[in-house]
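The structure appears right after this line, and notes come after that.
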Amino acid sequence: MTRPLTLLGLESSCDDTAAAVVRQDDTGTRILSSVVHGQAEIHADFGGVVPEIAARAHAEKLDLCVIEALDQAGLSLSGIDALAVTAGPGLIGGVMAGVMMAKGIATGAGLPLVGVNHLAGHALTPRLTDGLHYPYLMLLVSGGHCQFLVVRGPEDFTRLGGTIDDAPGEAFDKSARLLGLAQPGGPSVEAEAAQGDPRRFAFPRPLLDRPDCNLSFSGLKTALLRARDGVVAEKGGLTRVDRADLCAGFQQAVADVLAEKTRRALRIYMGESPAQPALAVAGGVAANQTIRAALEQVAAEAGARFTAPPLRLCTDNAAMIAYAGLERFRLGHVDGMDLAARPRWPLDTTQPGLVGGGRKGAKA
Ligand code: KG4
Ligand code: ZN
C-alpha cells in the first residue's frame, strides 16, 4: 500500500515561473494542477533571457503561481505534505527567488522542504507520464539541454554524453535567424524543410568519427551560413526553394547525428540488460517529426520501448519538480533551511563537466 503524498512544486530556474501540485496514492500519480507563467514577452526585445529581469519577474510571480496552483488543485497548504523547489542548476537570481519562497512557505506552514535538481525534474518526467521503470535511457534535447542519461533512481544518473557546444534547439533557432525565419526556429525550420530536398546541400555529420556519445551542433549552423552565402553570392538572393532545401539539409543532419549517437548510447545501456528497456526523449526538439521518427526507429531496432512526454511536460514546468521531489521525499530525503541555490549542478558528478551551455546558460 502506497502512503498517499501530495507535493507542491516550485520552478524558477530560467524564464518560466511555475507552481504545481502532484499527488501519488494507490491509484497512481496525478497532476492536480500545473501553472506556468512564461516570460518570453519580457525578454523578447533583448534576443535572450536577461538574468536580472528574469529574477525580478520570478520574485513578482511566484506567490501568485502558488495561489493559483493550490486553487486549481482545490487545496490549501494544510493539504500539502511537502514542498519541492528547483535548487539549481539555472540562472542564479531566479533559483534564489524560488528557494527563498519555498523556505518561507515551508517555515510558515511547518512543511518539509525538498530541493530538486532541475535536470532531474526533466529526466524523471517519463515516470510521471508513462510509468517507466528504472533504469531507462533518457535523451534531453531542447534549447538549453542536450545529454544522454541512464536514469537509475531519483538521485542516480549516469551521463553517457552530451553536446560540447550548442544545444540542438539553439542551433535550430540560430539557423532560422540566418534564414530570416520566425522564432522559435525549430517549428519554422521544420515547416520549410517539409518542402525541401535534404540532399541538395552537403551538411557535415559532426563527431560521428568519434566513438563516444558526445554531440556538436555549432558547426552545422556555420555550414548553413556558408551554404546560404554561397547561394546568395551566385544568385544574388535566396528563393523559397533554396531556403526549403537549406532547412531540409540542416534538419536531416541534426536527425542523423542524434539517431546515430542514440544508437551508440542505447548499445551501452542495453549492455546492462535492463529488465524493461526504454528510451525516453524530452525537450522541445522532441516535437520535430523527422527527429522523432528517427529516434523511434533506433529504439525499435534495439528492442527498447520509445516514449516522449507531452510537450507541456517536456518544457519547463513545476509538475516535474513536484514529482522529482516526491520521489526524493519517499526515500526520506529532505533539506534544511541551509538548502543552497546552485547555478551549476551536474546530475552525474562522476563525469567531467560539459563545455556546452546552451542559450539559456550553463545547465550542467
Ligand atoms: O524544451 P524547450 O521548450 O525549452 C528549453 O529550451 O528549455 O525547447 C525549446 C527549443 C527551441 O530551441 C525550439 O526551437 C525547439 O525547442 N523546438 C524545435 C521544434 N519545436 C521546438 N526544434 C525542432 N523542431 C521542432 N518542431
Ligand atoms: Zn529545463
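For clarity, every value in this text was computed on a predicted model and none was experimentally measured. One is the number of the first residue; the rest follow in order along the sequence. Whatever order the structure lists ligands and atoms in, that order sets their numbers, starting from 1.
Taking CG from Asp15 and CD from Glu41, the interatomic distance works out to 12.0 Å, rounded to the nearest 0.5 Å.
Considering backbone and side-chain atoms alike, Phe172 places every N or O at 3.5 Å or more from each N or O of ligand 1. Between Gly284 and ligand 1, at least one pair of N/O atoms sits closer than 3.5 Å. For Asn288, a nitrogen or oxygen atom sits less than 3.5 Å from a nitrogen or oxygen atom of ligand 1, counting backbone and side chain alike.
Our summary of the site lists the angle at the Zn ion (ligand 2) between NE2 of His122 and OD1 of Asp316 as 90°, to the nearest 10 degrees. Rounded to 10°, the angle formed at the Zn ion (ligand 2) by NE2 of His118 and NE2 of His145 is 110°.
For ligand 1, the atoms closer than 4.0 angstrom to any heavy atom of Gly185 are 14 (O). Atoms of ligand 1 lying under 4.0 Å from at least one heavy atom of Glu190, given by number and element, are 25 (C), 26 (N). Here is the list of ligand 1 atoms found below 4.0 Å of a heavy atom in Gly143: 5 (C), 6 (O), 8 (O), 9 (C), 10 (C), 12 (O). Heavy-atom proximity to Gly144, at under 4.0 Å, picks out these atoms of ligand 1: 6 (O).
Sorted by first then second residue, the side-chain hydrogen bond (donor to acceptor under 3.5 Å, both in side chains) pairs that include residues 84-112, not counting sequence neighbours, are Glu11-Thr86.
Across the listed options Pro168, Cys146, Ala167, Gly186, Gly186 owns the non-hydrogen atom lying nearest to atom 25 (C) of ligand 1.
Only one option out of Asp165, Asp166, Asp173 pairs with Lys221 in a salt bridge (Lys or Arg N to Asp or Glu O under 4.0 Å); it is Asp166.
Within the 4.0 Å heavy-atom criterion, the part of Asp173 lying near ligand 1 is the side chain and not the backbone.
Under the 4.0 Å criterion applied to side-chain N and carboxylate O atoms, Glu60 and Arg56 are not assigned as salt-bridge partners. By the 4.0 Å N-to-carboxylate-O rule, Arg152 lies close enough to Glu272 to be salt-bridged with it.
Hydrophobic cluster membership of Leu83, counting Ile, Leu, Val, Met, Phe, Trp and Tyr whose side-chain heavy atoms lie under 4.5 Å apart directly or via other members: Leu8, Leu10, Val21, Leu32, Leu62, Val66, Leu70, Leu75, Leu77, Ile80, Val85, Val95, Val99, Met101, Ile105, Leu111, Leu113, Met337, Leu339.
Between His58 and His37, the ring center distance fails the sub-6.0 Å criterion.
Side-chain contact, Arg127 with Tyr136: no donor N or O sits under 3.5 Å from an acceptor N or O.
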